[in-house]
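Worksheet for the structure shown next.
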Amino acid sequence: MTKLGDALAAAISGIPGVDGGELIKAQRIAQVRAMWKGLVDPIILAHTNGVYVFTEGGGKQMHVYVDESIFAAELNNQRELLKLQMMERYGEKVDELHIHISKGKYKSIHPFENTSGPLQWRSAPLSASELDRVEESCGGIGEGRLKDAFKRAMIADLEWKKGLKR
């Protein structure tokens with residue numbers, strides 16, 4: 001039996017201009033971030049710069065980057081507990097947990113913290129070239145209601161993304 005996520009990924013990757021591999025990668029990144037968010041306290045989460053899970057040498061490695069040594073030390077103390085909780089809560093067996101202190105510009109990246117205020121939206125119509133790209137992307141869909149609905153959805157999504165500001 002095919003999983004719904006696999007069927008959806010296959011359908012979306014069939015759309016011209018959509019990279020199915022990138023879609024699967026983005027889903028996995030979101031999944032790993034959601035697991036991390038469920039594992040640690042908010043203070044550690046606010047100082048987390050990145051979380052990655054790799055399969056290497058037949059085992060899974062989790063790499064966590066934090067901005068200060070105090071949080072790295074705390075995570076180091078919780079290392080085995082975090083690995084156990086990953087398995088119990090999410091069914092994800094992590095063989096090795098590596099904790100790193102971020103350096104340089106990476107110290108200021110905080111993907112789990114909203115420090116710049118709420119998102120604001122204003123109407124942002126698409127340019128003629130952007131509309132042409134939408135039309136080109138919809139070219140392989142054939143005529144009819146499906147094409148019209150997909151085109152309207154693409155335009156609405158692009159206008160929304162273009163109009164977002166912090």
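The analysis underlying the following values was restricted to heavy atoms, covering all of them including side chains, and did not include hydrogens, waters or symmetry mates. Remember, it's a predicted structure, so these values are computed and weren't measured experimentally.
For the pair H47 and I70, the minimum side-chain heavy-atom distance is 4.5 Å or more. The closest side-chain heavy-atom distance from I44 to E74 is below 4.5 Å. Residues L82 and W36 form a side-chain contact, since some pair of their non-hydrogen atoms from C-beta on lies under 4.5 Å apart. Looking at heavy atoms from C-beta onward, E159 lies in side-chain contact with L126 at the 4.5 angstrom threshold. Residues F71 and I43 are in side-chain contact: their nearest non-hydrogen atoms beyond the backbone lie under 4.5 Å apart.
Taken from NE2 in H63 to CD in E96, the straight-line distance is 7.5 Å, to the nearest 0.5 Å. Here the NE2-CE distance, from H98 to M62, works out to 11.5 Å after rounding to the nearest 0.5 Å. Of the inter-residue distances, the one linking R145 atom CZ with R152 atom CZ reads 9.5 Å to the nearest 0.5 angstrom. Interatomic distance, L39 CG to L75 CG, rounded to the nearest 0.5 Å: 10.0 Å. Rounded to the nearest 0.5 Å, atoms OG (S69) and CG (N76) are 11.5 Å apart. Atom-to-atom distance recorded for T48:OG1 and F112:CZ is 6.0 Å, nearest 0.5 angstrom.
Judged by distance alone, the side chains of D67 and H110 do bring a donor and an acceptor atom under 3.5 Å apart.
Hydrophobic clustering of Ile, Leu, Val, Met, Phe, Trp and Tyr side chains at less than 4.5 Å, counting indirect connections, keeps L97 apart from I101. In the hydrophobic clustering of this structure, L45 does not group with I29; members are Ile, Leu, Val, Met, Phe, Trp, Tyr whose side-chain heavy atoms approach within less than 4.5 Å, directly or through other members.
Comment: K83 engages E80 in a salt bridge, judged by a side-chain N to carboxylate O separation of less than 4.0 angstrom.
Among all heavy-atom pairs drawn from M154 and C138, the shortest one is SD-SG, 3.9 Å. Here the closest heavy-atom approach between residue Y106 and residue N49 is recorded as O-ND2, 3.3 Å.
Remark: K147 NZ is packed, more than 12 non-hydrogen atoms of other residues, nucleotides or ligands lying under 6.0 Å away.
The closest donor-acceptor contact from the side chain of D95 to the backbone of K60 lies under 3.5 Å. R33 contributes no side-chain N or O that, together with a main-chain N or O of P111, makes up a donor-acceptor pair within less than 3.5 Å.
Among the candidates E143, E136, E135, the single residue satisfying the salt bridge (charged side-chain N to carboxylate O under 4.0 Å, His left out) test with K151 is E135.
Aromatic ring pairs are classed by plane angle as parallel below 30°, tilted from 30° to 60° and perpendicular above 60°; the pair Y52 and Y65 is perpendicular.
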